[in-house]
Amino acid sequence: MRITDTSDLWWKTAVIYCLDVETYLDWNGDGTGDFEGLSHRIDYLAELGVTCLWLMPFYPTPNRDDGYDISDYYGVDPRLGHLGDFVEVVRTARDRGIRVIVDLVVNHTSDQHPWFRASRSSIDSPYRDWYVWRDEPPEHPEATAFPGEETGTWQYDAKTRQYYLHNFYHFQPDLNVTNPLVRDEVAKVMGFWLQLGVTGFRVDAVPFFLDTEGVEPGHGQLKNPLAFLKSLRAFLERRSGEAILLGEVNLSRPKQLTYFGGDDADGLTMQFDFIGMENLYLSLARQDARPLASALAKRPVLPPAAQWANFVRNHDELTLDKLTTAQRDEVFAAFGPEPEMQMYGRGIIRRLAPMLEGDPRRIRMVYSLLFSMPGTPVLFYGQEIGMGEDLSRGDREAVRTPMQWTHDANGGFSSAPAPKLAAPVVSGGYSPEHVNVARQRHDRDSLLHLIRRLIERYRASAEIGWGDFTLLDQPDHAILAHSMSGDEGRMLAVHNFSAEPALVSLTLDGIDEPTKLIDLLQDGHATTDDHGRVELSLDAYGYRWLRQVSPGEKRLF
Ligand code: NOJ
């Protein structure tokens with residue numbers, strides 16, 4: 001890899017920031033965030049170092065699943081603005097070096113979408129076959145994704161006396177991708193947003209979208225649903241050479257590999273690493289780096305253009321579904337012990353800072369990890385200032401509260417009266433009075449400044465996104481020591497999961513003379529002996545990033 005390759009495969013060294021326009025900044029004072037507000041915060045995102053903005057659904061919607069129930073794929077929810085405002089945001093972002101990707105939610109529509117209204121109106125409707133209908137549900141239906149909120153995945157519709165498939169809420173009927181008209185329409189939706197300047201999509205619920213098991217035989221089965229994904233990727237690349245598909249695929253590693261497109265790498269460009277994320281929390285709970293180390297070590301090696309997306313929280317519950325029951329219970333006990341903190345029996349509806357009891361050492365260590373693990377980091381808005389949640393919302397909404405800009409009323413999110421806000425602002429210890437952007441911008445010791453610094457260093461360390469990952473042997477279970485090396489050089493990162501300071505003894509291969517390791521996050525350095533041995537001291541929950549300085553090294557540090 002040459003350093004100039006980072007501009008082609010931009011996503012391998014990107015900093016992705018996810019936000020919901022509805023809760024980011026309300027510019028017209030009606031209580032709901034809007035595109036105009038977002039356009040006034042593009043400079044904030046640029047200052048933070050964000051290079052790719054992921055916009056959660058902003059389309060017209062009855063809003064019963066935070067916009068993941070779409071009633072028009074070609075528009076903007078009028079509460080947030082209109083297409084003109086959207087284009088202004090994309091253009092302004094682009095000027096500041098930020099690409100925009102948008103949520104592509106095509107597993108299902110809202111039941112209020114005109115296609116579904118037509119589909120359910122009559123068996124003879126031209127739209128009937130756009131959805132998945134059956135006289136009887138299959139003998140062994142899939143379990144619902146939302147236990148406790150839904151009882152099944154097939155809903156009886158009295159008018160035409162058939163059942164329709166809904167892998168998520170009953171008001172989100174699944175589209176039928178075995179229908180070529182649906183497949184064409186999905187491509188058309190993508191083409192539309194690409195034409196308006198987006199650089200790709202975060203693809204919602206990919207395995208459900210491509211799954212055609214529920215479709216009754218005789219309804220033109222898709223022989224190979226993956227071929228459809230690949231055709232969408234090919235279409236994407238024809239329309240825009242730099243666009244990506246970042247897929248939500250919470251499955252085993254081998255299955256994830258298939259969704260990348262196997263050796264051809266012509267499926268999804270990126271996928272979230274759910275397994276790594278879940279094991280990170282197990283490691284934090286145990287103060288033992290081994291679960292995370294093993295999750296990282298077991299990642300399959302990807303073809304060069306594909307990439308893992310690392311995240312520590314998102315807009316959903318912190319799912320722990322890939323852990324064993326005993327492991328999940330450990331994480332629940334450590335970070336979400338109360339029933340009101342848990343959801344679906346598998347996840348926690350809290351943000352990171354409160355889960356770590358506001359301990360700045362642990363919070364900082366986790367973000368240091370996020371930006372130094374092999375892959376591309378994804379931030380969820382508000383993480384950069386350590387926002388908390390509102391458990392009184394009682395569901396995934398707990399973490400979808402308004403962005404906290406200032407200590408003023410409504411955290412500076414909106415000038416509307418509090419009852420009119422799209423979501424209540426967090427109260428208590430994590431309220432805007434204590435946690436807000438304005439204050440942290442002026443405090444060089446703040447979390448916001450640390451995140452800026454981590455981003456700066458991450459962006460100057462292409463090895464993180466591109467390099468070969470190696471776990472470094474050392475005897476302390478509380479320590480994660482890893483290196484990434486490539487044509488650009490080698491860097492290492494050490495993280496201490498324990499409350500005890502540590503001295504980490506490492507041996508770096510390929511070294512036969514004393515070699516300097518320059519600290520990247522602070523002043524200082526360490527020096528190996530002529531066998532590559534070095535001892536690195538770490539504070540409680542400490543972390544260090546170091547770059548190996550080989551003879552003739554020309555990089556800046
Ligand atoms: C995954 C999204 O992340 C989640 O928020 C949503 O409820 C489901 N897909 C259904 O669209």
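In this text the structure is predicted, and so the values were computed from the model without any measurement. First listed ligand is number 1; within each ligand, the first listed atom is number 1.
Here the shortest heavy-atom distance to atom 1 (C) of ligand 1, taken over D204, V206, N250, belongs to D204.
In this structure, CZ on R393 lies 10.5 Å from CD1 on I349, to the nearest 0.5 angstrom. Taking OG1 of T269 as the reference point, atom CZ of F260 lies at 8.5 Å (rounded to 0.5 Å).
The protein heavy atom nearest to atom 6 (C) of ligand 1 is D65 OD2, 3.5 Å. For atom 5 (O) of ligand 1, the closest heavy atom belonging to the protein is D316 OD1, 2.7 Å.
R351 forms a cation-pi arrangement with Y381, by the criterion of a distance under 6.0 Å to the ring centre and an angle within 45° of the ring axis.
At a 4.0 Å cut-off, not a single heavy atom of R64 sits close enough to ligand 1 to count as contact.
When each of R346, R350, Q342 is checked for a side chain to side chain donor-acceptor pair (under 3.5 Å) with E317, only R346 meets the rule.
No N or O atom of Q172 sits closer than 3.5 Å to an N or O atom of ligand 1.
The aromatic rings of F116 and W133 lie parallel to each other, with less than 30° between the two planes, well short of the 60° mark.
Less than 4.0 angstrom separates some heavy atom of F146 from each of these atoms of ligand 1: 7 (O). Listed by number with element, the atoms of ligand 1 under 4.0 angstrom from any heavy atom of R400 are 5 (O).
The proximity of E317 to ligand 1, defined as any non-hydrogen pair under 4.0 Å, does not occur for either the backbone or the side chain.
For the pair D20 and R400, the salt-bridge criterion is not met [side-chain N within less than 4.0 Å of a carboxylate O].
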